Q: 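Below is a structure I'd like to ask you about.
The structure displayed is predicted, hence computed values, not measured ones. Each ligand, and each atom within it, is numbered from 1 in the order the structure gives.
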Amino acid sequence: MTHPSADLLQRFSFDDTVIRGEIAHLNTSYQEVLDRHQYPDVVARPLGELMAATALLSSSLKFKGRLTLQVRLPGNISLLQSETDEQGRLRAIARYNTEQASDELTLVDGQLVITLEPEQGQRYQGIVAIDGGNVAEALENYFEQSEQLPTRFWLACNTGTAAGFMLQRMPETTTAKHDPDDWNRIHHLATTLKHDELLQLGNETLLHRLYHEEDIRLYPATDLSFYCTCSHPRIATALKQLGEAELRNIIEESGRVEINCDFCQQQYQFTSDDVDEMFAQSKVH
Ligand SMILES: [Zn+2]
């Protein structure tokens with residue numbers, strides 16, 4: 001039995017149909033993000049929903065690499081960003097104007113940006129407009145436009161916990177054909193799902209409540225976790241963009257360069273020796 005207070009992703013499918021789904025529960029992984037930032041509620045909630053959506057989509061990563069969802073907006077909350085790798089290791093960040101932090105988030109005149117970055121191979125980016133609605137609807141538009149796979153999302157977030165539920169109609173195979181009645185019925189039943197049920201019920205109970213008359217198959221759950229990809233060498237690569245003279249100036253004034261990772265707040269320090277090393281290679285030429 002899966003428990004809603006775990007950090008798990010679980011797939012299910014309906015026998016003799018081309019319909020499958022995923023359920024994600026985020027607890028520790030979401031709290032790790034909240035522990036590192038003092039996000040007000042209006043920021044923390046949509047960020048949790050975006051993390052849940054990212055977790056749902058991690059199941060579709062067929063390669064080693066990263067998937068990033070960004071909500072870019074012109075208002076007080078300018079960016080919500082959530083990332084995962086193929087192992088469901090997540091991190092997230094928000095950028096917002098602290099003085100207007102209590103203003104409600106309005107998803108108008110914005111963009112949803114989906115970026116896929118395989119370790120090997122071509123980076124892909126898809127963008128859909130966000131104008132009204134919520135994160136779930138923006139994702140649904142994306143799948144409608146770019147993947148041609150009808151996909152529906154239910155996202156919920158409460159203090160310290162986030163959850164997501166997804167239904168997807170896969171392409172037909174030789175053995176499983178698409179039947180519009182199946183999709184309509186299964187989708188319709190999911191529309192009765194309440195936020196509290198999604199957040200609080202174990203997956204078996206939730207699926208039984210919605211689909212006790214369907215032949216449903218539940219697959220083994222996989223872990224979701226918080227993980228930041230930052231490291232001393234990665235930060236060094238980013239710092240290098242400032243140029244050697246600027247870095248030497250900072251070290252002269254402050255003794256070292258100190259920088260915090262935006263995502264996890266881990267502090268990295270760079271001394272004059274580190275700067276020597278950063279630019280040593282370029283000096284050979
Ligand atoms: Zn980090």
Q: Working note: L167 + W183, criterion side chain to side chain contact (heavy atoms under 4.5 Å, CB included); need CA distance, chi angles, decisive distance, verdict.
A: CA-CA 9 Å; L167 285 179; W183 175 252; 4.2 Å; yes
Q: Does R169 have any salt bridge (Lys or Arg N to Asp or Glu O under 4.0 Å) partners at least two apart in sequence or in another chain, and if so, which?
A: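 R169 satisfies salt bridge (Lys or Arg N to Asp or Glu O under 4.0 Å) with no other residue.
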Q: Donor-acceptor pairs under 3.5 angstrom involving side-chain atoms of residues 256-264: please list them, not counting sequence neighbours.
A:
| from | atom 1 | to | atom 2 | distance (Å) |
| --- | --- | --- | --- | --- |
| R256 | NE | E258 | OE2 | 2.9 |
| R256 | NH2 | E258 | OE2 | 3.0 |
| E258 | OE1 | Q267 | NE2 | 3.4 |
| E258 | OE2 | Q269 | NE2 | 3.2 |
| D262 | OD2 | R95 | NH2 | 3.2 |

Q: Assess whether a salt bridge exists between E252 and R248, defined as any Lys/Arg side-chain N lying under 4.0 Å from an Asp/Glu carboxylate O.
A: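 Salt bridge between E252 and R248, a charged N being under 4.0 Å from a carboxylate O: no.
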Q: May I ask you to check whether over 12 heavy atoms, not counting those of K64, lie within 6.0 Å of atom NZ?
A: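 Atom NZ in K64 is not crowded, with 12 or fewer foreign heavy atoms closer than 6.0 Å.
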Q: Which residues and atoms, counting only protein N, O or S, are under 2.8 Å from the Zn ion (ligand 1)?
A: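 Checking every protein N, O and S atom gives C228 SG, C230 SG, C261 SG, C264 SG.
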Q: Please set out all donor-acceptor pairs under 3.5 angstrom arising from side-chain atoms of residues 67-75, sequence neighbours excluded.
A:
| from | atom 1 | to | atom 2 | distance (Å) |
| --- | --- | --- | --- | --- |
| Q70 | OE1 | R72 | NE | 2.9 |
| Q70 | OE1 | R72 | NH2 | 2.7 |
| Q70 | NE2 | Q81 | OE1 | 2.8 |

